[in-house]
Protein chains: 2
Amino acid sequence: MIPKRSKYAIKALTALAKVYRDKQHLSIATIAEQEKIPRKFLEAILLQLRNEGMVNSKMGASGGYYLVKHPDEIMLSAIIRSTGGPIALIPCVSLNFYEECVECPHEELCGLHEVMLEVREASIHILSKTSLADLILREKKLFRKSENSRK
Amino acid sequence: MIPKRSKYAIKALTALAKVYRDKQHLSIATIAEQEKIPRKFLEAILLQLRNEGMVNSKMGASGGYYLVKHPDEIMLSAIIRSTGGPIALIPCVSLNFYEECVECPHEELCGLHEVMLEVREASIHILSKTSLADLILREKKLFRKSENSRK
DNA sequence: TAAATATACTACTATTTTAATAGGATATAA
DNA sequence: TTATATCCTATTAAAATAGTAGTATATTTA
Ligand code: FES
Ligand code: FES
């Protein structure tokens, strides 16, 4: 499981992606309300994302946050990583939270290691080809689909 | 990430799978030492696996644990589930640890939900086609490979 | 230029989950 | 009958996660 932190980050950045035209920005308060994220917690998350270089901010009245890159170029895997969410199922196959397996004498001889590596690859494959723009597109498609099935 | 509990369970069951002929059994102490798992913790894990019906035990002197099913039929996904390890990355797409997303008004309209569902499917696909027997086979292959590359 | 609005930053607390241990009861073999 | 194991409940310890408080700083706008 990824932490809520990461999920909130994806939600918040998606909100920013939806207004991405000419560096339009949104305030923490606006995003928090829209996405139902605890305000102060979101503040901490966005600050972190800013330090990671994923977003930029403008201080003062009518300030706020905006995306640095195009929604097409911001991948879910990058957001999860920037917010400390592990994708791998065990530490010895994690890129960002790697820890040696004290129980396994040789990593390269471990069958479980090999399988978990495959799982990680499969997950990362999906998460690093899906961008914020894709997420928005998917939502549009899902909405159209539900509209049609209601007829 | 899955809990250590699940990883230990896989390791322990693999040890049992290696001696699976005519219901041969191993004691907790033996497995704990072999796989470098804290003894008392392993005891709790095996007890749980027994209550889940994955293994059986024999009490008293020269007792121990043994697999109920053939190593071919015991899949990693089942072990992870039996020990309470989540495979999904977020609760709203988890089969065994499902929780509704309070932030998302409609699950079926949520793009993130859809992507995370795909990730889960990919992970489960691998984990539920890999058995304990496969794990042992993989290890044999890895060993042979490393032998060859040493020449 | 003052008031209002918003982010920046540090530090803290609370909650939950996970990992691990303790210790006695019970069963079985030698 | 002694040694060896599992059975079972309860507890503790440690770590990770979630969320909050409060003040400093920057910027707009009236
Ligand atoms: S090396 Fe990590 S599970 Fe064996
Ligand atoms: S429904 Fe779970 S992330 Fe939207």
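Just so you know, these numbers come straight off a predicted model, no measurement behind them. The chains referred to below are lettered A, B, ... by the order of the sequence lines, with proteins before strands, and numbering in each begins at 1.
Across the protein-nucleic acid pair, A/Leu46 atom CG and C/dT7 atom C1' stand 10 Å apart, rounded to whole Å. We find that CG of A/Leu47 is positioned 13 Å from C1' of C/dA6, with the value rounded to whole Å. The separation between A/Lys58 atom NZ and C/dT5 atom P is 16 Å, rounded to whole Å. For the pair B/Ile45 CD1 and D/dC8 C1', the interatomic distance rounds to 16 Å; values are reported in whole Å. Atom P of nucleotide D/dC7 and atom CG of B/Leu49 are separated by 12 Å, given to the nearest angstrom. Rounded to a whole Å, the CG atom of A/Leu42 is 12 Å from the P atom of D/dT20. A/Ile80 places its CD1 atom 14 Å from the P atom of D/dT17, with the value rounded to the nearest Å. In this structure, A/Met1 places its CE atom 23 Å from P of D/dA15, rounding to the nearest Å.
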Dump every N/O contact between nucleotides 22-25 of chain D and the protein below 3.5 Å, one line per pair.
| residue | atom | partner | partner atom | Å |
| --- | --- | --- | --- | --- |
| D/dG22 | O6 | A/Lys40 | NZ | 2.2 |

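Among all heavy-atom pairs drawn from A/Ala32 and A/Arg39, the shortest one is CB-CA, 3.9 Å.
Dashed line: the shortest gap from a side-chain N or O of A/Arg50 to OP1 or OP2 of C/dC9 is under 4.0 Å. For A/Ser57 and C/dA6, the shortest distance from a side-chain N or O to OP1 or OP2 is not below 4.0 Å. A/Tyr65 has a side-chain polar atom (N or O) that falls below the 4.0 Å cut-off from OP1 or OP2 of C/dA8.
Of the possible polar contacts, none joining the A/His113 side chain to the A/His106 backbone as a donor-acceptor pair under 3.5 Å is found. Checked by atom type and distance alone, the side chain of B/Thr130 never pairs as donor or acceptor with a backbone atom of B/Leu127 at under 3.5 Å.
Interface residues of residues 3-13 of chain B facing DNA chain C, ordered by number: B/Pro3, B/Lys4, B/Arg5, B/Tyr8; criterion, heavy-atom separation under 4.0 Å.
The hydrophobic clustering, which links ILVMFWY residues whose side-chain heavy atoms are closer than 4.5 Å, places A/Ile80 and A/Ile126 together. The hydrophobic clustering, which links ILVMFWY residues whose side-chain heavy atoms are closer than 4.5 Å, places A/Ile2 and B/Phe97 apart.
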Subject >> Derivation and outcome, salt bridge (charged side-chain N to carboxylate O under 4.0 Å, His left out), residues B/Arg144 and B/Glu147 >> reply: CA-CA 5 Å; B/Arg144 256 180 267 145; B/Glu147 287 281 280; over 6 Å; no
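Other residues, nucleotides and ligands contribute over 12 non-hydrogen atoms within 6.0 Å of the NE2 atom of A/His70. Within a 6.0 Å radius of CD in A/Glu108, more than 12 heavy atoms belonging to other residues, nucleotides or ligands are found.
If you find the closest nucleotide of DNA chain D to B/Gly64 and to A/Gly60, the one lying nearer the 5' end belongs to B/Gly64.
When the nucleotides D/dT27, D/dC8, C/dA20 are ranked by their closest atom to the side chain of A/Ala61, D/dT27 comes out on top. For B/Ser27, taking side-chain heavy atoms from C-beta onward, the closest of the listed nucleotides D/dT4, D/dA5, C/dA20 is D/dA5.
Annotation: salt bridge (Lys or Arg N to Asp or Glu O under 4.0 Å) contacts involving residues 130-142 of chain A, sequence neighbours excluded, comprise A/Lys18-A/Glu139, A/Arg138-B/Glu114, A/Arg138-B/Glu118.
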